[in-house]
J.: 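Please find one structure pasted underneath; my questions will follow.
Chain A is the first sequence line, chain B the second, and so forth, proteins listed ahead of strands; every chain is numbered from 1.
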2 protein chains.
Amino acid sequence: MPSLTVENYLKTILQICVQTGSEWASTGQIASGLSVSPGTVTSMLKTLSDSSLAKYKPYSGVRLTKQGRMLAVRMLRRHRLLELFLVKTLDLTWDQVHDEAERMEHAVSDELIDRIDQYLGHPEVDPHGDPIPSADGTLSGENAGIPLAETEGGETVRIVRVRNQAPEFLRYLSEHGVALGEVGTVQENSDAGGIVSVQMPEKLVTLGQAAAEMLYVERVTAD
Amino acid sequence: MPSLTVENYLKTILQICVQTGSEWASTGQIASGLSVSPGTVTSMLKTLSDSSLAKYKPYSGVRLTKQGRMLAVRMLRRHRLLELFLVKTLDLTWDQVHDEAERMEHAVSDELIDRIDQYLGHPEVDPHGDPIPSADGTLSGENAGIPLAETEGGETVRIVRVRNQAPEFLRYLSEHGVALGEVGTVQENSDAGGIVSVQMPEKLVTLGQAAAEMLYVERVTAD
DNA sequence: CAACTTTTTTTGATTGATCAAAATTTCCAA
DNA sequence: TTGGAAATTTTGATCAATCAAAAAAAGTTG
């Protein structure tokens with residue numbers, strides 16, 4: 001029922017809320033998230049409000065309604081299941097699936113998504129470690145892990161999530177031995193130098209601060 | 001580059017041409033194929049002409065250009081590969097895949113389609129027996145088989161294609177033992193009664209004339 | 001708190017896809 | 001060959017999504 005455009009607005013709003021930890025998303029955030037002009041966003045926010053998918057408060061932003069949030073979560077679920085499906089069936093790599101899923105998520109039925117979920121055995125995370133919402137609309141695990149940037153030299157960490165879908169970034173990681181589930185030891189985290197380096201099983205990888213903010217890890221306790 | 005709408009027009013035009021064996025498709029045929037009004041078609045035909053995807057001749061219809069035909073064939077290829085992919089990976093049945101593929105075909109990249117083609121081992125036909133165009137745009141095998149309606153009592157035939165995607169029709173066939181590749185014996189083809197009946201390995205199936213025109217078979221010579 | 005900056009909204013326009021209904025052209029049959 | 005009937009095109013309108021640029025509101029800072 002909702003257009004592809006509406007689906008994209010809802011998803012973007014939800015992602016902003018998750019990332020900022022707020023209930024509200026501003027016109028400007030949405031505009032830059034979708035690469036459209038602010039004026040376009042304003043008019044779409046009114047449309048969303050009219051269809052009870054969000055509550056729009058002029059000059060403040062929007063907040064998803066239960067219904068809108070449900071739809072947005074469903075888009076996230078579709079996107080993430082599709083990504084994993086492409087990786088599992090066709091052996092695509094984590095840098096190849098985002099754009100593909102971005103378009104496909106608007107084209108598949110709920111029934112197909114549930115089939116895929118079942119085929120994959122109800123997975124918890126997608127190829128980037130992003131949690132997959134359950135069929136009933138529950139979105140949990142969005143807070144797992146901490147940015148690599150917050151760790152210190154000497155710590156042993158497991159890679160659990162990459163919060164940046166840029167193919168070049170993902171390929172850089174792969175080429176330097178960084179993959180989901182791998183364990184490494186932080187060599188150095190220097191604010192002065194603006195870098196973090198981690199010894200992975202095979203290779204040593206060094207990332208800038210910005211990049212280290214996007215790579216999420218869990219501290220591993222020797223057991 | 002071409003919009004979803006343009007892709008659908010091109011595909012529809014190609015299908016009309018294939019079905020009628022003509023180079024031209026009329027405004028009316030396209031309008032009913034796409035369930036839009038004739039006036040809408042007229043204006044889109046001008047658009048297609050302007051983008052050199054088809055040649056429009058007022059009151060006569062359109063004819064695809066080489067470029068337009070290429071694109072249309074590509075849509076057919078996508079559609080058919082997607083159908084088979086869904087059947088092979090997720091065990092969907094032939095009555096479940098058409099609508100799904102119809103939407104997905106606009107959302108997948110050429111690269112993904114080629115991956116799927118490779119994964120499936122370069123198949124020749126989709127789950128309905130429709131031939132899959134090759135990557136270079138060759139569409140062959142569209143003339144394989146003859147309608148069951150043209151066979152006579154006593155002939156042994158192999159089911160090779162179903163030219164009707166209606167889920168109810170396909171389910172009716174499945175429920176009566178008709179599946180691609182199966183062999184049966186025509187019991188009766190009666191113009192008077194308007195029915196054709198075929199003894200399949202498990203069951204006896206009886207179809208009306210119209211239905212028998214949509215089910216394609218090959219005569220099997222005892223060997 | 002007044003002036004400047006930033007953000008947001010409004011305004012006016014455009015584009016693509018569609019429709020209904022009127023006008024036109026083509027076709028067929030008497 | 002002529003008078004409908006059928007098919008097609010034109011016309012005028014609508015709707016969703018977008019933009020640029022002007023106007024207004026909110027925020028910030030000396």
J.: Under 4.0 Å from any atom of DNA chain C, heavy atoms only: list the residues of residues 14-27 of chain B that qualify, in numerical order.
T.: none
J.: Give the intermediate values and the outcome of side chain to side chain contact (heavy atoms under 4.5 Å, CB included) for residues Leu86(A) and Leu112(B).
T.: CA-CA 9 Å; Leu86(A) 294 177; Leu112(B) 187 67; 4.0 Å; yes
J.: Just wondering, are more than 12 heavy atoms of other shown residues or ligands nearer than 6.0 Å to CD in Glu150(A)?
T.: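 Yes, CD of Glu150(A) has more than 12 neighbouring heavy atoms, counting only those of other groups under 6.0 Å.
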J.: Give me the atom names and distance for the closest heavy-atom approach of Asp91(A) to Arg115(B).
T.: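 Nearest pair, atom of Asp91(A) first, then Arg115(B): O-NH1, 3.6 Å.
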J.: Give me the one residue out of Val41(A), Asn8(A), Thr5(A) that meets side chain to side chain contact (heavy atoms under 4.5 Å, CB included) with Leu34(A).
T.: Asn8(A)
J.: With the threshold set at 4.0 Å, does a side-chain nitrogen-carboxylate oxygen contact exist between Glu218(B) and Arg161(B)?
T.: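 No.
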J.: Identify all pairs in which a protein N or O lies below 3.5 Å from an N or O of nucleotides 23-26 of chain C, and state each distance.
T.:
unit_1	atom_1	unit_2	atom_2	d
dT25(C)	O4'	Tyr59(B)	OH	3.3

J.: Got a sec? Which of residues 4-13 of chain A come in under 4.0 Å of DNA chain C, heavy atoms?
T.: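 The stretch gives none, as no residue of it lies under 4.0 Å from the strand.
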J.: I'd like to know if Arg77(B) pairs up with Asp114(B) as an ion pair, taking the criterion as any Lys NZ or Arg NE/NH1/NH2 lying under 4.0 Å from an Asp or Glu carboxylate oxygen.
T.: yes
J.: Taking all non-hydrogen atoms of both residues into account, name the closest pair between Tyr172(B) and Thr206(B) and its distance.
T.: OH-O, 3.2 Å
J.: Around Asn143(B), counting heavy atoms of other residues, nucleotides and ligands shown, do more than 12 lie under 6.0 Å from its CG?
T.: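 At most 12 heavy atoms, drawn from other residues, nucleotides or ligands, come within 6.0 Å of this atom.
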J.: Does atom CD (Glu124(B)) have a neighbourhood of more than 12 heavy atoms from anything else shown, all under 6.0 Å?
T.: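 No, because the 6.0 Å sphere around CD of Glu124(B) holds 12 heavy atoms or fewer from other groups.
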J.: Give me the residues of residues 28-49 of chain B where at least one heavy atom lies under 4.0 Å from an atom of DNA chain D, by number, or none.
T.: Gly28(B), Pro38(B), Gly39(B), Thr42(B), Lys46(B)
J.: Detail all sub-3.5 Å separations between protein N/O atoms and N/O atoms belonging to nucleotides 3-6 of chain D.
T.:
none

J.: I need the single residue from Arg74(B), Arg78(B), Arg80(B), Lys11(B) that forms a side-chain hydrogen bond (donor to acceptor under 3.5 Å, both in side chains) with Glu105(B). Which is it?
T.: Lys11(B)
J.: Ignoring hydrogens and angles, state whether a donor on the side chain of Trp94(A) or Ser174(A) is under 3.5 Å from an acceptor on the partner side chain.
T.: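 Side chains of Trp94(A) and Ser174(A): pair found under 3.5 Å.
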J.: Using nucleotides 3-6 of chain C, report all nitrogen or oxygen pairs with the protein that are shorter than 3.5 Å.
T.:
none

J.: What is the distance, to the nearest angstrom, from the CG atom on Asp50(A) to the P atom on dA17(D)?
T.: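 Whole-Å distance recorded here is 12 Å.
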J.: Could you state the atom-to-atom distance from NZ of Lys57(A) to C1' of dT7(C) in whole Å?
T.: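 Distance check: Lys57(A) NZ to dT7(C) C1' gives 16 Å.
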